[in-house]
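Take a look at the structure set out below.
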Amino acid sequence: MNENLAVLIPELSLVGAAVTGLLAGSWLPRRRQWLIAVLAAAACTTGLVATAVTMATDREQTVFSHTFAVDTATDAGRLIVLGALLLVIGMSVEAVHGHRRETEYWVLLLLTGAGTLVLIGASDLLTLFAAYLLASIPAYALAAFAKDAQGTEAALKYYLMGALLGTTMLAGTALLYAAGHATLYRDLRTALPAAPYGLVAVGLVAVLAGLLFKAGAVPAHFWVPDVTEGAPTPVAAYLTTLPKIGALIAGYRLLHQALSDSGVNWPLLLAVLAAVTMTLGNLAAFFQTSVTRLLAYSAVSQVGYLLMALAVATRTELAQKSLLFYLAAYAATNLGAFAVVTELPQARRLEDYRGLARRHPGLAAVLLICLLGLVGTPPTGVFLGKLEIFSATIDGGYTWLAALAVANTVASLFYYLRWLAPLFDTTAPAPAPTPLGNWTAITAYGAATVSLALGIAGGAVLPFATGRLLP
């Protein structure tokens, strides 16, 4: 049995920092609680370095009786999650500085980040469900961190949907175990083709329900707008970005490794879900006036594009690299937009951004890059990500889905422009929003820079997303 803990340094660094931070925070005076933020950033940096070393040495392996795989998808997912977590930490510093529960914030963020990392590499149904719980439970507390009426309502909706679909996911795990007499993906791959079709189909749909909830896809998306508006803005940035990464890579691995020969027509199911998710997200975003709700429905629509890669997971070799690259580009671009919203806490509606380009040209430039980036405008990373994922979809035989995605991309430009147009309108300027602080602004500039860099240097990055999944 391979029990090499060294390959789990990224996950262990987050868990270790969470435990250490919780103990240290109990003794530190309130004015020193910022040290836990430094510890959290150091844990993420440690994980990034360890992942880079693993990629350089090309040490693909499975550990702990093949329940966790360290391969190309795991390494790429780790880089995306840990890099995005650093951006979330950066935009959270001023928001929680001096808060009486500042330590708890960082600890919860580290724990839910660790759960997301485990989701990415899980190669066993029970490991997948344990990761789901670790990623979800701290996130429920983070959603209610402000302890106000709106945040409490949002957290309650988030928890109830998570508990319901988590239970559904566990039931699906039990059904797939009954069908294949195993929980390891490698064993299910050989056992499920001979299992009863109905049992496998219902079990798969139930397991996917939990992953769709984490990703914020239809029909498990109802929590997204309410939680995005009710939670603290840095938490909303986290919840609309990082859980998607874990859930979609986990879903891709499950479908590719365990159900490729099952006989269930899950590619069509995923294609339909992708079409409905992107369309509903765009339609709901058209007439939003709240910036957080607009970004929430934008996040739902983006899941639709990402699900296209899952629909063709076993139909084309382009699926994996398109999914991983799109996730990286989306994470940077979405977090950049949320960083601007965090930096301007008084600006809650589109109208509040009128004249921003004249008063805060740097932040306006970041918002311009990120919102046009979410549309898929060159030279941002999302443009190349969409190009890759559309190509993969066509290569996988779903040309109609790619055509619908192009139409949705063009339509999405409408509601992003409704936000961008007031930035440059100086005829009747609204009161100038007051920036929050330096760290959040630096995070916004950094995220926008990464988004542009991925678009310009995407050709050099894409090869790192190419590689086999371990059985």
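Numbering starts at 1 and runs along the sequence shown. Note that the coordinates shown come from a computational prediction; the quantities given were computed from them, not determined experimentally.
- A side-chain N or O of Asp71 and one of Thr74 form a donor-acceptor pair less than 3.5 Å apart.
- Residues Leu367 and Trp419 are in side-chain contact: their nearest non-hydrogen atoms beyond the backbone lie under 4.5 Å apart.
- When all heavy atoms of Ile89 and Cys44 are compared, the closest pair comes out as CD1-SG, 4.0 Å.
- Using a 4.5 Å heavy-atom cutoff, the side chains of Val70 and Arg78 are in contact.
- The aromatic rings of Trp400 and Tyr398 stand perpendicular to each other, their planes meeting at an angle above 60°, with 30° marking the opposite boundary.
- Contact record, Leu128 with Ala250: CD1-CB, 3.7 Å, taken as the closest heavy-atom pair.
- A donor atom on one side chain and an acceptor atom on the other are found under 3.5 Å apart for Thr240 and Asn334.
- Side-chain polar atoms of Thr233 and Thr342 form no donor-acceptor pair below 3.5 angstrom.
- Note that Lys386 lies in the cation-pi zone of Tyr305, set by a 6.0 Å cut-off to the ring centre and a 45° limit from the axis.
- Between the side chains of Ser92 and Tyr238, no donor-acceptor pair of N or O atoms lies under 3.5 Å.
- Among Arg354, Arg349, Arg348, the single residue meeting the side-chain hydrogen bond (donor to acceptor under 3.5 Å, both in side chains) criterion with Glu351 is Arg354.
- The two residues Ala73 and Leu324 come nearest to each other via the heavy atoms CA-CD1, 4.0 Å.
- In this structure, the side chains of Leu372 and Leu420 come closer than 4.5 Å at one or more pairs of heavy atoms.
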Show the atom names and distances, to 0.1 Å, of all donor-acceptor pairs under 3.5 Å that link a side chain in residues 164-172 to residues at least two apart or in another chain.
unit_1: Thr167; atom_1: OG1; unit_2: Ala163; atom_2: O; d: 2.7
unit_1: Thr168; atom_1: OG1; unit_2: Leu164; atom_2: O; d: 2.9

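- For the 3.5 Å distance criterion, the side chains of Asn282 and Tyr415 qualify, holding a donor opposite an acceptor.
- A heavy-atom distance below 4.5 Å is found between the side chains of Gln320 and Tyr252.
- Although no hydrogens or angles enter the test, the distance criterion places no donor-acceptor pair under 3.5 Å between the side chain of Ser298 and the main chain of Leu294.
- Taking the side chain as every heavy atom from C-beta outward, Leu156 and Tyr140 never approach each other to under 4.5 Å.
- Here the side chains of Leu295 and Val291 are not in contact, with every heavy-atom distance at 4.5 Å or above.
- Tyr158 and Phe213 have tilted rings, their planes meeting at an angle from 30° to 60° on a 0 to 90° scale.
- Looking at heavy atoms from C-beta onward, Val450 lies out of side-chain contact with Leu335 at the 4.5 angstrom threshold.
- Closest non-hydrogen pair, Leu82 versus Thr51, comes out as CD1-OG1, 4.4 Å.
- Ser123 and Gln257 share no side-chain donor-acceptor pair at under 3.5 Å.
- Put simply, the side chain of Glu94 gets close to the backbone of Thr440: a donor and an acceptor are under 3.5 Å apart.
- Partners of Thr173 under the side-chain hydrogen bond (donor to acceptor under 3.5 Å, both in side chains) rule, at least two apart in sequence or in another chain, do not exist in this structure.
- Side-chain contact between Leu192 and Asp261 is absent, with no heavy atoms from C-beta onward closer than 4.5 Å.
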Side chain to side chain contact (heavy atoms under 4.5 Å, CB included) between Leu374 and Gln302, intermediate numbers included: CA-CA 8 Å; Leu374 289 172; Gln302 295 291 334; 4.0 Å; yes

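- Thr112 pairs with exactly one of Leu239, Leu85, Leu142, Leu134 by the side-chain contact (heavy atoms from CB on, under 4.5 Å) rule, that one being Leu142.
- In summary, the side chains of Asp124 and Thr183 do present a donor paired with an acceptor at a separation below 3.5 Å, with no hydrogens or angles considered.
- When every heavy atom of Gly246 is checked against every heavy atom of Leu119, the shortest pair comes out as O-CB, 3.9 Å.
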